[in-house]
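In each ligand, atom 1 is the first atom listed, and ligand 1 is the first ligand listed. Keep in mind it's a predicted model, so treat the numbers as computed, not measured.
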Amino acid sequence: LVYSNNRIISRERLSTKSFPKRDQLLKKVNEIISNILQDKRLQRKDVLGIGVGLPGPVDFKKGLVHFLPNISGWKNFPIKIRFRSIAKLPIFADNDVNLVALAEQRLGAGKKSHNMICMTLGTGVGGAVIIDKNLYRGSSFSAGEIGHIPITENGPACNCGGRGCLESFVGNKYILKKAKARFKNHKITLEKISLLAKAGDFKARNFWREVGQHIGIALVGVINLLNPDKVVIGGGIARAGAILFDEIRKTVRLRAMPTQARAVKIVKAKLGDDAGILGASILVKENKL
Ligand SMILES: [Zn+2]
């Protein structure tokens, strides 16, 4: 529950794994909404709407989930109609990284930015594009897939059907596999490598430098194409900190066209886990009024 002044009042967390059927999940969420409203002495008529962020391409206008790459059973799901019939409230649905971008641009690291790229680093590598302060969704609402920009001509096959995608070089699974081989340690974690890097360990610093170079190369293409004033990077491995960001910035400085490279600032996301929640509420507010 978010108040109109962007204060998060109440939150609950559920695992989609516990709800293999979509309607079960929506009914459970609706139950939680009822409990929160009761707890805050509010009624449904006090609520402007429900914002939903989903990990996959979503037709924002129709309220239709095209599919979710990591959750089965959501292909061509009309979430707007179905959730509305359960919750009896207006529903606004969009891709989750679009919502993160919206929140970071309005309230976080992208404040005052007009043209912004948002990137989230996790199991998947997500992206979103803001042009003239508005989300750019593309012709079929799938723009911004930075993780699926090819960074080499003949790289490994990717889930998306492409080859050599950025995600298959810097997605969590890939870099963890590389880390285990590189450090000859099956128990090593990315957090541990971050700590080692901060303590000055040469191997660990090199490890993050390589990750930063891959990200930087993909960003060079994006920056040359769109000439943004800001790139905001969030998600788990963004916590690797200065070593990673320095390398990304260096790669962009060396390889992007000078005019575009000078115009852009590459910064860490500010809102963390709150970004998705705040973005969902901004989506409702800005489209309801
Ligand atoms: Zn791909």
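- For Ser113, the side-chain hydrogen bond (donor to acceptor under 3.5 Å, both in side chains) criterion is met by Asp229, not counting sequence neighbours.
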Practice item. Determine, step by step, whether Lys178 and Glu210 satisfy the salt bridge (charged side-chain N to carboxylate O under 4.0 Å, His left out) criterion, reporting the C-alpha distance in whole Å, the side-chain angles of both residues, the deciding distance to 0.1 Å, and the verdict. Key: CA-CA 11 Å; Lys178 186 165 128 182; Glu210 283 169 27; 2.9 Å; yes
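- Asn224 pairs by the side-chain hydrogen bond (donor to acceptor under 3.5 Å, both in side chains) definition with nothing, not counting sequence neighbours.
- Residue Gly212 comes nearest to Ile248 through the heavy atom pair O-CG1, 3.6 Å, listed as atom of the first residue, atom of the second, then distance.
- Applying the ring pair (Phe, Tyr, Trp, His ring centres under 6.0 Å) criterion to Phe60, with sequence neighbours excluded, gives no partner residue.
- Under a cutoff of 6.0 Å and an axis angle of 45°, Lys80 and Phe92 form a cation-pi pair.
- Protein N/O/S atoms found under 2.8 Å from the Zn ion (ligand 1), listed by chain and residue number: His148 ND1, Cys158 SG, Cys160 SG, Cys165 SG.
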